[in-house]
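Below: one structure in structure tokens.
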Amino acid sequence: VQKGLDPHIQHACAEVNFGNCLCGRAAADHQVQFAGCLDERHEVRFDGMPAHGQYCVPIVDEQTVLGVLNIYVREGHESTERETEFLAAVANILAGIVQRQRAQEERHQHELIALSRERLARVGEIATGVAHTIRNPLHGVLSCVEILEQNPCGENENVADLLGLMREGLERISRTTQRLLMLASGGSLGRRPTDVRTLINDVERMLGARVQAKGLILQVEIASLPPALLEIERVYEAVANVVGNAIDACSNGDVITIRASRQPILDATLLLEVEDRGEGIAEDNLHRVLDPFFSTKPVGEGSGLGLAMAQRVVADHGGSIAITSKEGEGTRVRMVFPGALSDGKPLEGTS
């Protein structure tokens with residue numbers, strides 16, 4: 001550490017070896033060195049070097065020398081014990097700062113390495129998820145192709161059925177790839193005024209057969225709301241995915257509730273909530289449920305893309321999604337759409 005010297009002097013002093021000159025002795029001995037003038041201990045000298053006295057204070061952490069603090073004083077300056085102790089204390093503070101900075105940089109490097117490994121692990125999980133999701137329909141299509149190849153002249157009476165199975169399998173693969181592309185790129189939003197009640201009622205009608213088949217109770221609670229500026233199709237799919245997960249998690253007699261309301265503080269913010277009294281999510285899995293292809297369902301019964309898709313839709317609207325759950329007691333998914341509610345006239349009534 002140097003100040004007030006010409007650059008060529010600074011450069012020469014920075015290359016002094018341990019044990020040489022005044023600063024080298026301070027580094028080697030771990031002791032404060034002082035000279036009131038340029039004496040014989042100054043082995044580094046230049047023509048025209050101004051006369052000066054000098055403190056050389058080692059910056060030491062335990063037994064490791066981190067550097068030397070050079071303080072230049074007027075020639076003839078007299079050192080005192082108090083001055084020496086003060087400079088040693090300053091050097092100790094500097095040593096702590098340097099070591100903390102080094103430790104912080106080391107932690108940062110470890111964090112970068114850990115993050116890189118985590119990303120690689122996530123890529124592996126996503127690749128595995130893609131493979132599991134498209135494997136079954138792909139094998140089904142290939143099996144149909146093999147059957148048709150054995151009867152190339154169309155002698156098989158089940159050609160129409162085979163073609164139907166092939167179409168179904170290819171459509172499943174197409175839906176998976178479309179969802180992946182949406183997760184990766186998002187895309188621009190085509191927002192338009194949306195009747196939230198109509199959107200939720202459409203979801204209710206679409207999933208009604210599944211709700212009835214499992215003996216569940218679906219409740220809808222919609223506050224008096226103005227039209228919301230949303231991309232209808234994507235929000236519809238997000239809500240349907242969340243409700244679909246709730247249906248899968250519930251059994252006969254369980255209740256699923258869909259709510260739509262304003263956020264109490266930010267009046268223009270739309271809240272969509274789906275709450276169920278189903279099996280809930282284990283605490284160890286709760287932090288992963290939004291990851292693409294992560295699913296607690298048996299292999300082949302879920303793609304693991306539903307909540308990831310919902311999260312992307314909400315994020316593209318500038319909002320957030322939060323999931324709270326307790327194993328054996330149920331789950332609540334809360335989707336926040338800031339600024340979505342327009343200033344239009346509220347819709348009448350509640351249900």
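What you see is a predicted model, and the numbers here were worked out from it, not measured in a lab. Just so it is clear, the values below take in all heavy atoms, side chains as well, and ignore hydrogens, waters and symmetry mates.
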Problem set entry | Sidechain-backbone polar pair: Asp29 side chain, Gln31 backbone, donor-acceptor under 3.5 Å | no
Check Asp39 with Arg41, please: is the shortest side-chain N to carboxylate O separation under 4.0 Å?
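Salt bridge flag = yes for Asp39 with Arg41.
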Review point. Counting only N and O atoms by type, is there a donor-acceptor contact under 3.5 Å from the side chain of Asn285 to the main-chain atoms of Ile281?
Key: no
Leu229 and Phe337, any side-chain heavy atoms less than 4.5 Å apart: no
Please evaluate residues Arg234 and Glu231 with respect to the criterion salt bridge (Lys or Arg N to Asp or Glu O under 4.0 Å), reporting the C-alpha separation (whole Å), side-chain torsions for both, the decisive distance (0.1 Å), and the verdict. CA-CA 6 Å; Arg234 291 182 64 192; Glu231 187 177 38; 3.4 Å; yes
**Asked** How many angstroms lie between atom CG of Leu69 and atom SG of Cys56, to the nearest 0.5 angstrom?
**Response**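 Here the rounded value is 8.5 Å.
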_Using the rule given for side chain to side chain contact (heavy atoms under 4.5 Å, CB included), can you reason through Ile247 versus Leu216, listing the C-alpha separation, both sets of side-chain angles and the distance that settles it, and then say yes or no?_
CA-CA 8 Å; Ile247 293 172; Leu216 309 178; 4.0 Å; yes
Please give me the minimum heavy-atom distance between Ser325 and Leu286, naming the atom from each residue.
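Answer, listing the atom of Ser325 first, then Leu286: CB-CD1, 3.9 Å.
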So, are Arg82 and Glu85 salt-bridged, with charged N and O less than 4.0 Å apart?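 Between Glu85 and Arg82 there is no salt bridge, as every charged N stays at least 4.0 Å from the carboxylate O atoms.
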Thr257 and Val274: side chain to side chain contact (heavy atoms under 4.5 Å, CB included), yes or no, with the steps? CA-CA 6 Å; Thr257 304; Val274 178; over 6 Å; no
Partner of Ile232 under side-chain contact (heavy atoms from CB on, under 4.5 Å), picked from Asp195, Asp202, Thr194, Thr198, is Thr194
If I take atom CD from residue Gln104 and atom CD from residue Glu111, how far apart are they, to the nearest 0.5 angstrom?
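Reported to 0.5 Å precision, the distance equals 9.0 Å.
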What one should report as the nearest heavy-atom pair of Val242 and Ala310 is CG2-CB, 4.0 Å
All heavy atoms of Gly19 vs all of Ala28, minimum pair found to be N-CB, 3.8 Å
> Taking 4.0 angstrom as the limit, do Glu233 and Arg192 come out as a salt bridge?
Replying inline: yes
Report task. Would you check, one step at a time, whether the test side chain to side chain contact (heavy atoms under 4.5 Å, CB included) holds for Ile59 with Val68? Result -> CA-CA 5 Å; Ile59 303 172; Val68 175; over 6 Å; no
Within the structure provided, determine whether Ile256 and Gln219 are in side-chain contact (heavy-atom separation under 4.5 Å).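 SC-SC contact between Ile256 and Gln219 ruled out.
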Working note: Gln54 + His77, criterion side-chain hydrogen bond (donor to acceptor under 3.5 Å, both in side chains); need CA distance, chi angles, decisive distance, verdict.
CA-CA 9 Å; Gln54 183 177 357; His77 179 87; over 6 Å; no
Check your understanding: For the residue pair His42 and His52, does the interplanar ring angle fall in the parallel (under 30°), tilted (30 to 60°) or perpendicular (over 60°) class?
Key -> perpendicular
>> Tell me the closest heavy-atom pair linking Met335 and Val239, and the distance in Å.
In response: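 Taking Met335 first and Val239 second, the nearest heavy atoms are CE-CG2, 4.2 Å.
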### Query
Just wondering, do Val220 and Glu204 contact through their side chains at under 4.5 Å, heavy atoms?
yes
State plainly whether the residues Lys214 and Asp248 are in salt-bridge range, i.e. N to O under 4.0 Å. no
Taking every heavy atom of Gly318 against every heavy atom of Pro338, the minimum-distance pair comes out as O-CG, 3.1 Å
Worksheet item: Just by distance, with hydrogens left out, do Thr64 and Asp61 show a side-chain donor and acceptor under 3.5 Å apart?
Response: no
Next item on the list: Using a 4.5 Å cut-off on heavy atoms from C-beta on, say whether the side chain of Val336 contacts that of Val314.
Entry: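 Result no, sub-4.5 Å side-chain heavy-atom pair not found.
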- Kindly say whether Val16 contributes a backbone atom to a donor-acceptor pair with the side chain of Asn20 at under 3.5 angstrom?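 A pair under 3.5 Å: no.
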Can you measure from CG (Asp276) to SG (Cys250) and round to the nearest 0.5 angstrom?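 Atom-to-atom, Asp276:CG and Cys250:SG are 4.0 Å apart.
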Interatomic distance, CG@Asp316 vs CZ@Arg312, rounded to 0.5 Å, equals 4.5 Å
Quiz prompt | Criterion side chain to side chain contact (heavy atoms under 4.5 Å, CB included) on Thr269 and Leu341, from CA distance to verdict | solution = CA-CA 6 Å; Thr269 296; Leu341 295 176; over 6 Å; no
Is atom CD of Glu78 surrounded by more than 12 heavy atoms (other residues, nucleotides or ligands) closer than 6.0 Å?
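No.
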Margin query: For the CG atom of Leu270 and the CG atom of Leu225, what is their distance to the nearest 0.5 Å?
Written below: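 The distance works out to 6.5 Å.
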Verify whether one side chain among Glu105 and Gln109 offers a donor that lies under 3.5 Å from an acceptor in the other.
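There is no such pair between these side chains.
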Please check if the number of heavy atoms outside His30 that lie under 6.0 Å from its NE2 is greater than 12. yes
Any side-chain heavy atom of Met206 within less than 4.5 Å of one from Tyr236? yes
Please identify which of these residues, Arg259, Arg332, Arg334, meets the salt bridge (Lys or Arg N to Asp or Glu O under 4.0 Å) condition with Glu275.
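Single salt bridge (Lys or Arg N to Asp or Glu O under 4.0 Å) partner of Glu275 among Arg259, Arg332, Arg334: Arg259.
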Interatomic distance, OH@Tyr55 vs OG1@Thr84, rounded to 0.5 Å, equals 4.0 Å
Next on the checklist: Is it the case that the side chain of Arg102 and the backbone of Val98 share a donor-acceptor pair, with hydrogens and angles ignored and the cut-off at 3.5 Å?
Outcome noted: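 Not a single qualifying donor-acceptor pair exists.
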